[in-house]
Amino acid sequence: MQLNFAPMEGLTSCLYRQLHAQRFPGADRYYAPFLAPDGEGRCRTGSYRDILPEHNGGIDLVPQILCNRPEPFLILAEQLKDMGYCELNLNIGCPSSTVVAKHKGAGMLADLHSLDTCLSQLFESCPLPISVKTRLGLHTVDEFPSVLEIYNKYPLKQLIIHARDRAGMYKSMPDLRMFAYAAAHSRAPVCYNGNLFSPAHVEQLLSAMPDLSALMIGRGAVANPALFRQLRGGLPLESSELAAFQAALADAFLGAGLPVQHALARLKELWFYWIHMFPDSHRLAKQIFKARSLDAYTAAVQALFEAGHFSASSFFDA
Ligand SMILES: Cc1cc2nc3c(=O)[nH]c(=O)nc-3n(C[C@H](O)[C@H](O)[C@H](O)COP(=O)(O)O)c2cc1C
């Protein structure tokens, strides 16, 4: 089974990926949060720095591009090839209103003729194999058979399916019926994504679809960084491991020169998920989210771990 760590903008940066891979081996591949090139193929310095090979040593990383125009995509693709990458991922799933309004991300599903034209130019000229990460539709999953007809015209390296429509954002139930249709009719190998938060969820999915050979997990793996290890038969997360992981991340963010407030903001984004491993900890959690200084943050985190509410069998539940 191929296990992939989903791209999570604001969460799974290069510092996170490095520390995660060292401390919780188990994921085969990591997908970087999207690069959004401008008309000339240039990206924000921060997102560019995030995929530089020197910041991603020792892990199998696939860069992702959010773009609906072939020219900037191809300029960026050349640069990524020169950096040594072997595959690119095209984002056709981002549900954000501003992205969709620009016909990017899941917004590319609004006009299948334009999608077809864009893919035709990408697959004709891209120097690297392309995989696609898609939703099942824009307004409804019933759009998917028509979308798949277009994907099937091209030699996609892999079709990663976040099994909901854009309207479902991150909340609706994944549509296993339409995912099964995709798995049966896709020319490209498929990878399932959506609401796998625990080994039990994965077992349930695999009992319904025993032929699945690739999974992508996002929020569940952020909440429980040992999830991939567990899926490989390893031990569940221990409270001390999570404590050490968050401390190492805090050190890494500050060591990379992030101002304290930025580092705290990034840690709090992670705590939005980690807190699910601590049932009944609302009051202590509040102290973490309220912390404005490093000292206040460190004290609040220490209090949470000392309170002993950690439970390895808890999970993020959308
Ligand atoms: C905070 C956040 C950031 C995300 N960033 C990206 C991204 O950069 N690229 C992408 O394709 N998907 C992104 N996603 C979607 C995830 O990769 C994944 O498809 C989604 O969370 C469903 O999988 P899960 O239920 O395992 O979390 C993001 C999701 C969240 C919640």
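Just so it is clear, the values below take in all heavy atoms, side chains as well, and ignore hydrogens, waters and symmetry mates. It should be emphasised that the depicted structure is a prediction, and the values quoted were computed from it without experimental measurement. Both ligands and their constituent atoms are indexed starting at 1 by order of listing.
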Q: May I ask you to identify the nearest protein heavy atom to atom 29 (C) of ligand 1, giving residue, atom name and distance to one decimal place in Å?
A: Tyr170 OH, 3.4 Å
Q | Ligand-side contact atoms (ligand 1) for residue partner Glu9, heavy atom cut-off under 4.0 Å | A | 1 (C), 3 (C), 4 (C), 5 (N), 6 (C), 8 (O)
Q) What class does the angle between the rings of Phe305 and Phe278 fall in, given that below 30° is parallel, 30 to 60° is tilted and above 60° is perpendicular? A) perpendicular
**Q.** Part of Asn193 with heavy atoms under 4.0 Å of ligand 1, whether side chain, backbone, both or neither
**A.** side chain
Q) What is the closest protein heavy atom to atom 9 (N) of ligand 1, and at what distance does it sit? A) Gln64 OE1, 2.8 Å
**Q.** Residue Arg232 excluded, over 12 heavy atoms near CZ under 6.0 Å
**A.** yes
Q | Pick from Ala36, Pro7, Ala6, Gly220: the one approaching atom 6 (C) of ligand 1 most closely through a non-hydrogen atom | A | Pro7
Q.
Please identify which of these residues, Arg292, Lys290, Gln246, meets the side-chain hydrogen bond (donor to acceptor under 3.5 Å, both in side chains) condition with Tyr297.
A. Gln246
Q | Asn91 side chain to Gly105 backbone, donor-acceptor under 3.5 Å | A | no
Q | Donor-acceptor under 3.5 Å (Ser47 side chain, Cys43 main chain) | A | no
Q. Counting heavy atoms not belonging to Gln261, are there more than 12 under 6.0 Å from its CD?
A. yes
Q.
Check this for me - ligand 1, Gly218, N or O atoms closer than 3.5 angstrom, yes or no?
A. yes
Q: May I ask you to list the atoms of ligand 1 that are less than 4.0 angstrom from any heavy atom of Phe34?
A: 7 (C), 8 (O)
Q) Does CG belonging to Asp82 count more than 12 external heavy atoms closer than 6.0 Å? A) yes
Q) Between His162 and ligand 1, which residue portion shows a heavy-atom distance shorter than 4.0 Å: side chain, backbone, both, or neither? A) side chain
(Q) How far is atom 12 (N) of ligand 1 from the closest protein heavy atom, and which atom is that? (A) Lys133 NZ, 3.0 Å
Q: Using a strict cut-off of 4.0 Å, indicate which atoms of ligand 1 neighbour a heavy atom of Pro33.
A: 8 (O)
Q) If you count the atoms of ligand 1 from 1 in the order shown, which ones are under 4.0 Å from a heavy atom of Ile217? A) 26 (O)
**Q.** Contacting atoms of ligand 1, where contact means under 4.0 angstrom from a heavy atom of Gly194
**A.** 25 (O)
Q) Any N or O on Arg164 sitting closer than 3.5 Å to an N or O of ligand 1? A) no
**Q.** Atoms in ligand 1 with a heavy atom of Asn195 nearer than 4.0 Å
**A.** 24 (P), 25 (O)
Q. How long is the gap from CG on Asn68 to CG on Leu119, to the nearest 0.5 Å?
A. 11.0 Å
Q: Mark up the atoms of ligand 1 that fall under 4.0 Å of a heavy atom belonging to Tyr273, in ascending order.
A: 31 (C)
Q) Does the ring centre of Phe272 sit less than 6.0 Å away from the ring centre of Phe289? A) no
Q.
Taking side-chain hydrogen bond (donor to acceptor under 3.5 Å, both in side chains) as the criterion, tell me which of His20, Gln18, Arg17 meets it with Tyr30.
A. His20
(Q) If the cut-off is 4.0 Å to any non-hydrogen atom of Arg219, which atoms of ligand 1 fall inside it? (A) 21 (O), 24 (P), 25 (O), 26 (O), 27 (O)
